[in-house]
Amino acid sequence: MRFVKDGSALVFFHMGEQVRMEPWGKDALRVRSTMQRQFSGNAWALTEPVGHTQAQITIEQVDHLAEDGSMDKREQAAIACGRLKAVVNHAGVISFYKDEKLILREYFRAYDGTVSRESRCLKLIGREWKGVIGGSEYALNVKFEANKGEKIFGMGQYQDDCMDKKGCVLELAQRNSQISVPFAVSSLGYGFLWNNPAVGRVTFGNNYTEWVARATREMDYWITAAGTPKAILENYTAVTGRAELFPENLMGLWQCKLRYRTQDEVLTVARQYQKEGIRIDRIVIDFFHWTVQGDWKFDKTYWPDPKAMVDTLHSMGIRVIVSVWPTVDRRSENFGPMLERGLLMRTERGALQTYDYQGDCVEIDVFNPEARKYIWEICKKNYWDLGIDGFWLDNTEPDLGVYDFEHYRYCDGPALAVSNLYPQLFSRAFYDGMKALDRGPVVNLLRCGWAGSQKYGNVIWSGDIPSTFEAFYDQLQCGLNMGLAGIPWWTTDIGGFMTDDASDPDFRQLLIRWYQFAVYSPVLRMHGDRGPHNIPSLDGRDWGGGYLHTGQPNELWSYGKENYAIMKKYYDVRIAMQDYIKSLYREAHENGSPLLRAMFYEFPGDEKCWELQDQYMFGSRYLVAPIFRLNQFCREVYLPDGQWRLTSTGEVFQGGQTISVDAPLAYMPVFERQ
């Protein structure tokens, strides 16, 4: 083992491995390791300048108990940055301390010539490299000791009911409705970023924590220590970026359905909202308004004058966004040119196809700057120059015919090594182009993201999810953990995406409960594929804007007078909160705080708040208790210390207790902090 000071970094070498540890922001260290001759220089999520940070580095000889019972000297080193210190022993095992208290240690169960718990014959080490045969990448396995009683939050969005990820196995890969954002917040007061876009897995086990990258050239992680979850998020977003200020004119209702098929349908809906006295801030034109995938333009048969449509909507105060997918059909006018120029994904074997929904398609290679430039220039010409205000970047994982990641390759390398970065780079194609033209803040809608996506104008929604109360419950866990992973602009399809029968009373009850929740969330957005699918297509072609099915109406008035009255009332609640919501978006911009907050985020000293996952804080003022079961008309709510006013009655309750509160269909329990 050889330790070296390199400026403010501590470097050590062991059996062909080079490890570099250096201060990276407030109370934080970045740790990299490679079996190559040098590091790649990739920043990945750590894109923000951190300036010069002081570190204290020591390299010294310390006493060790040898196997024969005698004492000998072994070299060890330490690097400290504020409240965080890392100590590396003679075997290269790294231990992290917050205020001199151990919070995380690499797992080591191998013989090291000493008498210790870690010195065993299992031959398990904390950093294991195994070469990928025939390639320059390695499979990497990094293990840490498990901390008993620790809770783990964040990590993005996984469709399960576990808010606390301790005990969970999480795939580090992007799928429709699964978003890997590999930043974890620990109840022990540290945050950990796996700064690696490789496909892999993390297991937060009770015996050890294990991070796996299936193909990579280096290990890269970042760790920070802080006193509260809010301070952890502030440190994290300082080095990965923060969301810009969200426009006030987009904080109300966004209207969408699968799908408005013509410009007349869009204008008819907009005019009805205007007649009803309800302002919609954005209307969304969903997929297959185009000719075929990859043409990225309106089908003139059904959208004869989109500029006139946009101008009319703008005169009504409504902004317009359109769906853009990264898929290119072989029938598209862009398929040949993009294939010839090497701007499409590649397959490792067999036919060139990566996606097969409604066509034989290949996704674009967003790792290629020329591909990003190509799609933006077309979308600028066919959408942006007509006055379109933003883009619904759908299928951005990307969605694949099969998620066999080892089968795909990009210009930057195999998909196994880099593909988790795909959604962020796809968003950059539009964010960079829109910023350059400076027509106001960039706010696009995406189905996926990665660490740092918050800084690229991304409103991320939770994907194509079923219309069930169980899925609704899962979405709260998704939203809370996305916020704790640094993504504050987040939303869901109100009522879920996949509905068999929009007239079913049970579904309509779900819709109301979901809508009430959405009013107290970052973005209030109506969307869904409402069955039954008995509306005939507009023509007999098997391509173009008229052939694909559409769902049933999905406007506020589409579900009966009583439900409309409830949604209208809650719409008014949303509008009345605009100044407050504006303050929450400003806070997200200034310190990285999410709008949707776990109870412990506001009350870290209350142990019970670390257990709660069926209620949340909307900012610091409102405690929200959604209804997650059919025909449930009361529920228990825990109130932390302080005084809390029930918004339905005005009654004030003393905190520090659990109470039962009525929840008729027309009301979701909400308490205002006094």
Can you check side chain to side chain contact (heavy atoms under 4.5 Å, CB included) on Leu172 and Val199, steps first, answer last?
CA-CA 5 Å; Leu172 300 176; Val199 172; over 6 Å; no
Examine the side chains of Thr327 and Tyr357 and answer whether a donor and an acceptor come within less than 3.5 Å of each other.
no
Salt bridge between Glu406 and Arg214, side-chain N to carboxylate O under 4.0 Å?
yes
Qualifying residue, where the test is ring pair (Phe, Tyr, Trp, His ring centres under 6.0 Å) with Trp489 and the options are Phe246, Trp461, Tyr456:
Phe246
Answer yes or no: is there an ion pair linking Glu210 with Arg201, defined by an N-O contact shorter than 4.0 Å?
yes
Among side-chain atoms of Gln552 and Asp501, is any donor-acceptor pair under 3.5 angstrom?
no
Going by heavy atoms in the side chains, are Arg629 and Tyr473 under 4.5 Å from each other?
no
Quick one: do Gln255 and Tyr260 satisfy side chain to side chain donor-acceptor pair (under 3.5 Å)? Show the steps, please.
CA-CA 11 Å; Gln255 177 58 46; Tyr260 297 124; 3.2 Å; yes
Identify whether the distance between the nearest side-chain nitrogen and carboxylate oxygen of Asp365 and Arg409 falls below 4.0 Å.
no
Output field: ring centroids Tyr422/Tyr410 closer than 6.0 Å:
yes
Pair Gln159-Gln178, side-chain donor/acceptor within less than 3.5 Å:
no
Side-chain touch Cys411/Asn368, heavy atoms, less than 4.5 angstrom
yes
Short side-chain donor-acceptor distance under 3.5 Å, Tyr559 and Asn554
yes
Taking the side chain as every heavy atom from C-beta outward, state whether Tyr403 and Asn176 have any atom pair closer than 4.5 Å.
yes
Is any side-chain heavy atom of Arg282 closer than 4.5 Å to a side-chain heavy atom of Val320?
no
Using distance alone, with no hydrogens and no angle criterion, decide if Arg530 and Thr499 have a side-chain donor and acceptor under 3.5 Å apart.
yes
Kindly determine whether Leu253 and Met567 satisfy side chain to side chain contact (heavy atoms under 4.5 Å, CB included), including the steps that lead there.
CA-CA 11 Å; Leu253 176 64; Met567 288 192 280; over 6 Å; no
Option from Tyr236, Phe153, Trp222, Trp211 for which ring pair (Phe, Tyr, Trp, His ring centres under 6.0 Å) with Phe192 holds:
Trp211
In the structure I gave you, are the side-chain heavy atoms of Tyr570 and Ile512 within less than 4.5 Å of one another anywhere?
no
Can you pull the side-chain hydrogen bond (donor to acceptor under 3.5 Å, both in side chains) pairs that have at least one residue in residues 506-528, sequence neighbours excluded?
Thr492-Trp514, Asp493-Arg525, Gln509-Asn631, Arg513-Gln516
Side-chain ion pair, Arg447 and Asp464, N-O less than 4.0 Å:
yes
Any carboxylate oxygen within less than 4.0 angstrom of a Lys/Arg side-chain nitrogen, looking at Lys455 and Glu244?
no
Contacts of Glu333 meeting side-chain contact (heavy atoms from CB on, under 4.5 Å) (sequence neighbours excluded), chain-then-number -> Asp295, Lys297
Pairing donors with acceptors under 3.5 angstrom, does anything connect the side chains of Asp360 and Gln353?
yes
Which residues satisfy the side-chain contact (heavy atoms from CB on, under 4.5 Å) test with Pro488, sequence neighbours excluded?
Ala243, Gln454, Ala588, Leu595
Quick check: does any side chain N or O of Ser419 sit under 3.5 Å from a backbone N or O of Leu416, one acting as donor and the other as acceptor?
no
Using a 3.5 Å distance criterion without hydrogens, assess whether the side chain of Arg331 forms a donor-acceptor pair with backbone atoms of Thr291.
no
Is it the case that the side chain of Ser177 and the backbone of Ser462 share a donor-acceptor pair, with hydrogens and angles ignored and the cut-off at 3.5 Å?
no
Carboxylate-amine/guanidinium proximity below 4.0 Å for Glu397 and Arg175
no
Please name the residue in the list Phe426, Phe391, Trp392, Trp290 that meets the ring pair (Phe, Tyr, Trp, His ring centres under 6.0 Å) test with Trp325.
Trp290
Ion pair Arg541/Asp299, N-O distance below 4.0 Å
yes
Lys165/Asp160 ion pair, N-O < 4.0 Å
yes
Is any side-chain heavy atom of Leu524 closer than 4.5 Å to a side-chain heavy atom of Asp281?
no
Test your reading of the model: is there a side-chain donor-acceptor pair from Gln477 to the backbone of Gln613, 3.5 Å cut-off?
yes
Would you say the ring centroid of Tyr383 lies under 6.0 angstrom from that of His289?
yes
Check: Phe618 and Arg597 side chains under 4.5 Å, non-hydrogen atoms
no
May I ask you to test the Arg261-Leu548 pair for a side-chain heavy-atom distance under 4.5 Å?
no
